[in-house]
Amino acid sequence: MDDSLSRRASCRHLDFDQQSHDGSSHYSLATSILPALGARSNRRIKFRSFVISPHNHRYRVWEAFLVILVIYTAWASPFELGFLDRPRRPMSILDNVVNGFFAIDIILTFFVAYLDRSTYLFVDNHRKIAKRYATSWLAFDVISTIPSELVWYVSPRPLKEYGLFNMLRLWRLRRVSALFARMEKNKNFNYFWVRCAKLICVTIFSVHCAGCFNYLLATHNDDPTNTWIGKSMPPGVDFRQLSLWFRYVTSIYWSITTLSTVGYGDLHAVNSKEMMFSVFYMLFNLGLTAYLIGNMTNLVVHGTSKTRHYRDTIQAATSFAQRNLLPSRLQEQMISHLSLKFRTDSEGLQRQDTLDVLPKAIRSSISHYLFYPLVNKVYLFREVSNDLLFQLVSEMRAEYFAPNEDVILQNEAPTDFYILVAGAVELLVMKNGAQQVVGEVRSGELCGEIGVLCYRPQLFTVRTKKLTQLLRLNRTTFLNIVQANVGDGTIIMNNLLKHLKEAKDPIMEGVLVDIENMIAHGRMDLPLTLCFAALRGDELLLHHLLKRGIDPNESDNNGRTALHIAASQGNENCVLHLLNSGADPNCRDSEGSVPLWEAMLGDHKPVIKLLSDNGAKLSSGDVGLFSCTAAQRNNMDLLKEIALHGGDVTSPNHDGRQALHIAVWEGNLETVKFLLDQGANFNVPDENGFTSSELAHQKGHDSIKELFASFNKVKSDAANVPVDDTARPNGARFLGRFKSDPIMLPVNHADRSWIRSRTTTTRRRRTNIYNNSLFGIMRAAAQTGDDALLSSVAPAARVTITCPEKGDVAGKLMLRPRSFEELKEIGVKRYGAPFVRVLNKEGAEIDDIEVVRDGDYVAFASQL
C-alpha cells in the first residue's frame with residue numbers, strides 16, 4: 001500500500017549513512033535535512049524489495065565513481081566545442097563509454113527511494129519513484145547521454161557544430177557540488193582543505209571554459225589574422241594549422257592572465273566579438289575574484305581568530321593588573337590561568353561549551369565514564385547509593401589550574417569543594433603573618449569539603465604545585481541532590497567524622513571537637529537529621545532537633561524513620577522522645593517493617609512495651625514476612641512474640657509462602673506444631689503449588705507427616721477453640737501531643753502547619769543559618785526558642801503519670817513537660833476531665849514543674 005511509507009520511513013537526517021539490507025549504519029554529515037517536529041527517529045529502515053536506499057554504502061560508492069566521470073565531462077565538453085570540428089575516435093569512444101555509465105544510473109534511479117520534503121519520510125513505492133523522476137530530471141539525463149556523433153550527423157547545417165550538444169552534459173556538475181557539500185560536513189575531512197579544493201576547482205573550470213570559448217570565436221572568424229591569437233602569430237602562419245596542444249595552452253594562458261587582471265598585452269581582443277566576450281568575461285571575473293578572496297580571507301581569519309583573541313585577553317589582563325597595581329604574584333596567576341585556559345580549549349581538553357549543547361543523558365554518560373571510578377573511591381562517598389553517586393558525578397565540572405594558583409582561600413565562604421584528579425596541591429594556613437604548608441592533597445582526595453558540609457569558613461588555602469586537574473562540585477547543587485536521600489546524607493556525615501578521627505592531625509582534631517560540640521547541641525550551623533541522631537543514639541541531639549520543628553516522621557530513601565532505627569537499637573529514651581514528638585508508631589518502610597518488629601528482632605523488651613503502650617501494632621506491617629523470618633530462624637520465642645502482639649503467624653508473605661511452609665521445609669517439628677495450634681492450614685499451596693504436607697513428603701520428615709495425620713483427626717475440634725486474648729496487653733491510646741499522618745510523607749513535604757502551631761516565639765533569621773539540609777530534612781518554618789538556651793538545655797527528665805480515679809494505677813512513662821500548665825493539659829487529653837490537683841506518689845500536692853524530678857510519679861485528682 002502507498003501508506004506504507006509512513007511505517008517505514010521516519011528517520012533523523014543529520015545525515016547518517018544507512019545500510020538498508022544488511023542493517024549496518026554509521027554517522028556522517030552529508031545533508032542538512034531535518035525531521036519534522038514529532039517525527040520518530042529510526043536509523044535502520046527496511047525498504048521494499050528491489051528498492052535501494054540513497055544512503056546505502058554501495059550506492060554511495062557508485063555516486064563517487066560517477067563524480068569522477070563528471071570531472072571528465074566538465075573538461076571534455078568545452079574542449080570539444082572549442083577545439084574539435086568533428087568527432088575524433090579516441091575521445092568519441094571515451095565519451096560514449098561515460099554516457100553508458102550515466103545511462104545505467106538512469107535505470108538505477110527508478111529503484112532508489114527518495115525523501116519527501118513535505119513529510120521528511122522516505123518513499124519506497126515504485127510508482128511514486130518513477131513518477132517523480134519522470135516529471136523532474138529524467139529528460140535532462142536522457143538527453144545528456146545521447147551520442148554526440150548521432151546529433152552531429154542529423155543536425156541541420158546552421159546547427160552543425162560539433163560539441164554544441166555536449167554542453168548539455170554540464171548538467172551533471174550538480175553531483176560535484178553535492179559531493180563537496182557532504183565533504184564540508186564530514187569530520188573525517190579537513191574543512192580548510194576541502195574549501196580550498198573547491199575554490200581551486202571553480203577557478204580551473206572557469207579558466208578552462210573561458211579559454212575554450214574565446215578560441216571558438218577566433219576559429220570561426222573568416223580572417224584568421226584578425227583574431228586575438230592570429231595577431232600573435234608570425235606573418236603567413238595560420239594558427240589553425242598549429243598543434244592542438246599549442247592552441248589549447250595559448251588559450252589557457254590568455255584566460256588566466258585576463259582572470260588575474262594583470263594581462264601582459266601580448267594577447268588581447270582584436271575584433272568586436274572578442275571585445276564583447278572579453279567585457280563579459282571581465283565582469284564575471286569581478287564576481288569570481290570577490291568570491292575567491294572572500295572565502296580565502298574567511299578561512300585565514302578563522303584559523304587565527306583564537307590566537308588573536310588570546311593576545312587581546314592577555315593584553316587586557318596585563319593592563320588591568322598594571323592599572324590597579326596588583327602584586328606580581330597575582331599578575332602571574334592571572335596570566336598563567338588565561339594561558340592554560342587557551343591551551344586546554346585549543347587542544348580540546350576542556351570544552352564546557354561543547355558539553356553544554358549536548359542532552360543531559362549524554363553529558364551524564366560522559367561524566368560517568370570519565371569520573372565515576374575516581375569519585376567512587378573518595379572517602380566521603382563510601383557506601384552511598386549508586387543513584388546518588390551517579391547524580392553527583394553528572395554535576396561535577398572538570399577544571400585545570402596552572403602551577404602556584406590559588407584554588408581556595410582560607411576563611412572564604414564555602415561555595416565549592418574539589419576532588420583532585422591529577423597533579424598536586426598543598427594546604428596552607430596563615431601563622432604569624434606568614435603562610436605555612438600543613439598538608440598535601442593527592443589524587444582521589446578532597447579539599448574544601450569540611451567547609452561545605454559544616455557550613456563554616458574554609459580552613460585552608462589550597463594552592464597548586466603543578467599543572468592540576470580538579471573536579472568541582474557546587475555546594476548548592478550538592479545539597480539539592482542529597483536533599484531527598486536522608487540515608488545517604490547520614491552515611492556522608494559518618495564518613496566525615498570517621499575520617500577526622502583517623503586523620504590524627506592536630507588541626508583535624510580541633511575541627512572534630514567543634515563538630516562534635518555542634519552535634520551535641522544541635523546547632524543550626526550543621527545540617528543534621530533525626531536518622532543521624534538515632535543512629536548515633538544521641539538523645540540530646542535528638543531532643544534539640546525535635547524542638548527545632550523537624551518532622552519526626554521523616555524517612556530515608558528506603559522509608560526507614562528515626563523510630564525504626566531507635567527501636568532496632570533498643571534505645572528507649574530516643575523512642576520515647578520520638579513518640580512524644582508525634583512520631584507514628586506504625587510507620588512502615590519499603591520492605592514492610594514497622595518499629596515494633598525492629599524492637600522484637602533485637603529482643604528489646606522495654607522498647608517493645610513502650611511501643612505497644614503507644615498504639616504500635618504488628619498488623620501495620622508485613623506480618624507474613626515477620627512470621628516467615630521467625631520460622632526461617634527457627635526462633636520459637638519470636639513467633640510467640642508475634643502472636644502475642646496480635647500478628648497472624650498464618651498469613652502469607654508477598655510471594656505466597658507461609659511460615660508453615662518454611663518450618664516444614666526446615667524440618668522444625670516444634671515450630672510446625674505451634675503454627676498448627678495457631679490455625680495454620682497445611683493444605684494451602686506455596687508459590688510453587690506445593691502444600692505443606694507435600695513438602696513434608698518430599699523432604700522425608702516422617703515426624704511432621706505423623707503430626708499432620710494426627711492433626712487431621714482433631715482438626716474440626718481444634719478449629720473451634722477460641723483464641724486466648726487475655727495474655728495480650730491492651731494497647732494504650734497514642735498520647736503524642738501532635739497527631740502524625742500515618743502515611744509516609746515525602747522528604748520534601750511542604751505542609752508544616754502542625755510545626756507552626758508549636759512555634760511560640762520567632763526570631764529574625766541569622767545570616768549564617770544553614771537552611772538547606774544536607775540529608776534531606778525539610779526546611780523548618782521558623783526557628784524556635786533562644787539559640788543560647790538551646791545550646792545549654794539538658795536531657796528532659798522522665799515521669800510516670802497516673803490517675804487512680806480513672807482506674808489507671810500503672811500509668812504511662814513520658815518526658816517531663818516544660819511547664820505545669822502543659823502537664824495539666826496532658827492529663828486532660830489522657831483521662832478526659834479537668835483536674836484541680838496534681839499529686840506526687842506520697843499524696844503531696846504539686847504546684848510547680850520544677851519540683852518534679854526524674855523518675856517521679858505524678859497523679860491527677862479532680863476533687864479537693
Side-chain angles (χ1 to χ4, degrees), residues 539-540 542-543 546-547 552 563 566-567 570-586 595-596 599-600 604-618 641 644-646 725-740 757-758 793-864:
E539 304 170 27
L540 180 58
L542 189 71
H543 173 71
L546 290 171
K547 292 191 69 174
L563 191 58
N571 195 318
E572 186 179 0
N573 291 337
C574 288
V575 172
L576 186 61
H577 274 291
L578 291 167
L579 290 175
N580 281 279
S581 298
D584 183 7
N586 295 309
L596 182 58
M600 292 168 62
H604 304 304
K605 300 295 184 181
V607 176
I608 294 175
K609 183 179 184 306
L610 183 60
L611 289 171
S612 299
D613 291 344
N614 283 272
K617 298 179 181 180
L618 278 180
E641 191 80 17
L644 183 65
H645 288 85
D725 290 334
T726 59
R728 301 178 184 176
N730 295 324
R733 185 166 56 91
F734 177 59
L735 297 179
R737 288 171 294 178
F738 305 100
K739 185 175 180 180
S740 301
S757 65
R758 300 178 59 189
V793 172
R798 297 182 297 174
V799 297
T800 301
I801 60 173
T802 63
C803 184
E805 296 179 2
K806 299 294 184 178
D808 185 6
V809 179
K812 170 181 168 29
L813 181 67
M814 61 172 292
L815 292 175
R816 187 187 67 176
R818 289 174 295 182
S819 64
F820 188 71
E821 289 73 15
E822 187 176 345
L823 177 63
K824 282 189 173 183
E825 290 177 3
I826 293 175
V828 172
K829 289 181 181 179
R830 180 173 176 85
Y831 302 111
F835 296 99
V836 178
R837 294 191 301 166
V838 180
L839 310 176
N840 65 2
K841 189 174 182 180
E842 289 77 17
E845 183 174 356
I846 300 173
D847 58 1
D848 192 346
I849 195 65
E850 297 297 331
V851 301
V852 180
R853 295 169 296 179
D854 185 25
D856 285 352
Y857 282 78
V858 178
F860 294 95
S862 59
Q863 297 178 357
L864 293 174

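Nothing fancy with the numbering, it's 1 onward along the sequence.
How far CD1 of Ile846 is from CG of Asn840: 5.0 Å, rounded to the nearest 0.5 Å. Considering CD of Glu822 and CD1 of Ile849, their distance stands at 8.5 Å, rounded to 0.5 Å. Distance check: Leu542 CG to Leu546 CG gives 4.5 Å after rounding to the nearest 0.5 Å. Here the CG atom belonging to Asn580 is positioned 7.0 Å from the CD1 atom belonging to Ile826, to the nearest 0.5 angstrom. Of the inter-residue distances, the one linking Leu823 atom CG with Asp848 atom CG reads 11.0 Å to the nearest 0.5 angstrom. Separation of atoms CG (Leu563) and CG (Asn571) is listed at 11.0 Å; rounding is to 0.5 Å.
Inter-residue side-chain proximity for Leu596 and Pro585 is flagged as unmet; no heavy-atom pair is nearer than 4.5 Å. Taking 4.5 Å as the limit, some side-chain heavy atom of Leu611 sits within range of a side-chain heavy atom of Leu579. The closest side-chain heavy-atom distance from Phe860 to Thr802 is not below 4.5 Å.
Minimum interatomic distance between Leu610 and Glu572 (heavy atoms only, all atoms of both residues): CD2-O, 3.8 Å.
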Checking Ile608 against Glu641 for the side chain to side chain contact (heavy atoms under 4.5 Å, CB included) test, could you report, in this order, the C-alpha distance in whole Å, the side-chain angles of both residues, the deciding distance, and whether it holds? CA-CA 10 Å; Ile608 294 175; Glu641 191 80 17; 3.9 Å; yes

Stepwise side chain to side chain contact (heavy atoms under 4.5 Å, CB included) check, Met814 with Val799: CA-CA 6 Å; Met814 61 172 292; Val799 297; 4.2 Å; yes

